[in-house]
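Residue numbers start from 1 in every chain, and the chains themselves are labelled A, B, ... in the order their sequence lines are given, proteins ahead of strands.
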Amino acid sequence: MYALIDCNSFYASCEKAFRPDLAHHPVVVLSNNDGCVVARSPEAKALGIRMAVPLFQVREIIEKHRVAVFSSNYTLYGDISRRVMETLASFAPAIEVYSIDEAFLDFNNLLYKPDWHILGQQIRQQVWQDTGIPVSVGFAPTKTLAKVANQLAKKTPSLRHICVLEHTEQTAELLEDFPLQQVWGIGYGYCQRLEQQGVFTAGQLCRMPEAWVRKQLSVVGLRTVKELKGEPCLTLEEIADPRKMVITSLSFDKTTEDLETLREYVASFAVRSAEKLRTQGLCCTALAVSLSTNRFQRQKKQYRNSLSLALAEATSYSPEIIRVALKALDQLYRKEFSYKKACVMLYGLVPQHTIQQDLFKSPEENTPTVKKQKAMAVLDKLNEQLGRNKIKLAAQGNDDKWKSRQAKLSACFTTRWNELLVVR
DNA sequence: TCTGGGGTCCTAGGACCC
DNA sequence: TCTGGGGTCCTAGGACCC
């Protein structure tokens, strides 16, 4: 058996954990830049606030019902997540942390067979006691079915957040009514495609011939279907694969046609990506820059393009990454458009201690890599102590106009001494 | 007025190798 | 008339996830 444990309305629950006054109050959390709703407490869901809806579209509901609104506070959510995972790990021999608010537990090598319902209750209770976060638990013989069980646990009040799918016939029956789009691995695109061919539920999909499934949904989809039928195809991945890319992608406050302004944005995004790289001890060997207009202004001419460039030598040195990113930007730029968004992607990541040096440069031409790394270490340390972007590179420009909007940020209750919760 | 950000995997096609 | 067979690597695009 596998269990999938998923935190209920995770970001909203994190905010509530430190605001007892909001215990039964509707709460929503916004995306970066405060644009869309990305988490809703049960009370907010009940008001009809949909997932991913732009904030301005639900402004009326929010004001009428005095919904509490928060910017996303990833420092807080990351730390609470770590604590939840720590508690979960104590329940099983092996755990896969699947996302910030979800984990699979592997119960396949137990010497005894637990009562799954009781175990589920114990997990819920312990996480609640340790962190104040409510979770739902789904048990099943495959990971995909555990996901199904978890969904049922959340959506069926009588189950009280615990669902066990143990018996094949009972599972098959439940799948008959289970909507395709809620299946893990079947997204919007596949769903449309399958519906056109008369397949609407997970049960119907399971009855299609495997060759047909393979053709429609590729090998990944075939695996999903086999898992739905109870045949395990996915194993627990205890150790996360090394990261393959680092992205900084942000919309601007205002659209701009000005190349100089764009250069400051792109330089800033490059710096941010390089910082992420260094905190993970990595260097990149290639980067890509992309640029786009505002896709919501349909009446205006649209432009989207990206360009990738290889670096001569793996690096995490901000000035070098800026130099190449700006080179890409200059090639992408067309002066007749007004731009809303840019993205800097770093990829071809390698550990910083295995750098292959540039064959065509003499040692004197190159500032030794160690020196660059030391310079960046000093820069990072200063910014950590004094606040992000206190020390900048000139290419980033003078003001922080690129900084994401976070107007309603809560405190970092668990990671900063001066933001500890005060109890009177 | 306003509309998120950060990731992974698979496939097909082209270039190239022996 | 006839034109090999077996590979790898890279890229772009499309799907998915949270």
Atom CD of residue position A:Glu173 - does it have more than 12 heavy atoms of other residues, nucleotides or ligands inside 6.0 Å?
no
Return the nearest nucleotide to the side chain of A:Leu250; candidates are B:dC10, B:dT8, B:dG5.
B:dG5
Can a side chain N or O of A:Ser251 be found less than 4.0 Å away from OP1 or OP2 on B:dG5?
yes
In whole Å, I'd like the distance from the NZ atom of A:Lys215 to the C1' atom of C:dG14.
18 Å
Which is true for A:Lys147 with a 4.0 Å heavy-atom rule: it touches a base, it touches only sugar-phosphate, or it touches nothing?
sugar-phosphate
May I ask you to verify if any side-chain N or O of A:Lys254 is less than 4.0 angstrom from the OP1 or OP2 atom of B:dC2?
no
Flag the pair A:Glu96 and A:Lys143 as a salt bridge only when some basic side-chain nitrogen lies within less than 4.0 angstrom of an acidic carboxylate oxygen.
yes
From CG of A:Leu234 over to P of C:dC16, roughly how many Å is that when rounded to an integer?
16 Å
Looking across every strand, which nucleic acid part, if any, lies under 4.0 Å from A:Asp101 by heavy atom: base, sugar-phosphate, or nothing?
sugar-phosphate
Please assess A:Glu176 against A:Thr201 for the test side-chain hydrogen bond (donor to acceptor under 3.5 Å, both in side chains), listing each intermediate value before the final yes or no.
CA-CA 6 Å; A:Glu176 285 305 316; A:Thr201 72; 4.6 Å; no
Numerically ordered, the residues 177-192 of chain A set in heavy-atom contact under 4.0 Å with DNA chain B is none
Check the pair A:Glu86, A:Arg83 against salt bridge (Lys or Arg N to Asp or Glu O under 4.0 Å), reporting the backbone distance first and the verdict last.
CA-CA 5 Å; A:Glu86 216 172 279; A:Arg83 292 164 193 242; over 6 Å; no
Within the structure shown, what part of the strands sits under 4.0 Å from A:Thr248 by heavy-atom distance: base, sugar-phosphate, or nothing?
sugar-phosphate
Report yes if at least one side-chain N or O of A:Arg214 is closer than 4.0 Å to OP1 or OP2 of B:dC10; otherwise report no.
no
Does the ring centre of A:Tyr2 sit less than 6.0 Å away from the ring centre of A:Phe104?
no
At 4.0 Å (heavy atoms only), tell me whether A:Arg59 reaches a base, stays on the sugar-phosphate, or touches nothing.
nothing
Check A:Lys147 with A:Glu102, please: is the shortest side-chain N to carboxylate O separation under 4.0 Å?
yes
Rounded to whole Å, the CD-P distance (A:Glu60 to B:dC2) equals 18 Å
Which whole number of Å gives the distance between the P atom of C:dC18 and that of B:dT3?
25 Å
Candidate nucleotides B:dC10, B:dT3, B:dT8, ranked by approach to the side chain of A:Phe56 - the nearest
B:dT3
Does a salt bridge link A:Glu43 with A:Lys16, judged by any charged N lying under 4.0 Å from a carboxylate O?
yes
Give A:Gln57 one of three labels, base, sugar-phosphate or nothing, depending on what nucleic acid heavy atoms sit under 4.0 Å from its own.
nothing
Specify the separation, in whole Å, of atom CD of A:Gln151 and atom P of C:dC17.
10 Å
As its Watson-Crick or G-U partner within any shown strand, both distances under 3.5 Å, B:dC18 has C:dG5
Could you tell me how far apart A:Tyr77 (OH) and B:dG6 (P) are, to the nearest whole angstrom?
16 Å
State which of B:dG7, B:dC9, B:dT11 makes the closest approach to the side chain of A:Lys244.
B:dC9
Give the C-alpha distance, both sets of side-chain angles, the deciding distance and a yes or no for salt bridge (Lys or Arg N to Asp or Glu O under 4.0 Å) between A:Asp330 and A:Arg263.
CA-CA 8 Å; A:Asp330 290 344; A:Arg263 287 173 67 93; 2.7 Å; yes
To the side chain of A:Gln297, which of B:dT8, B:dG5, B:dC2 is closest?
B:dC2
Using whole Å, report how far CZ of A:Arg223 lies from P of C:dA15.
18 Å
Given B:dT3, is OP1 or OP2 found less than 4.0 Å from the side-chain N or O atoms of A:Asn33?
no
Between C:dC17 (P) and A:Leu217 (CG): distance, integer Å
12 Å
Side-chain ion pair, A:Lys408 and A:Glu15, N-O less than 4.0 Å:
no
Out of B:dT11, B:dG7, B:dG5, minimum distance to the side chain of A:Lys341 belongs to B:dG5
Nearest heavy atom decides the nucleotide; on that basis, is A:Tyr74 or A:Asp241 closer to the 5' end of DNA chain B?
A:Tyr74
Measure from the side chain of A:Tyr98, starting at C-beta and using heavy atoms only, and say which of B:dG6, C:dC17, B:dT3 lies closest.
C:dC17
Return whichever of A:Val246 or A:Phe252 has its heavy-atom-nearest nucleotide of DNA chain B closer to the 5' end.
A:Phe252
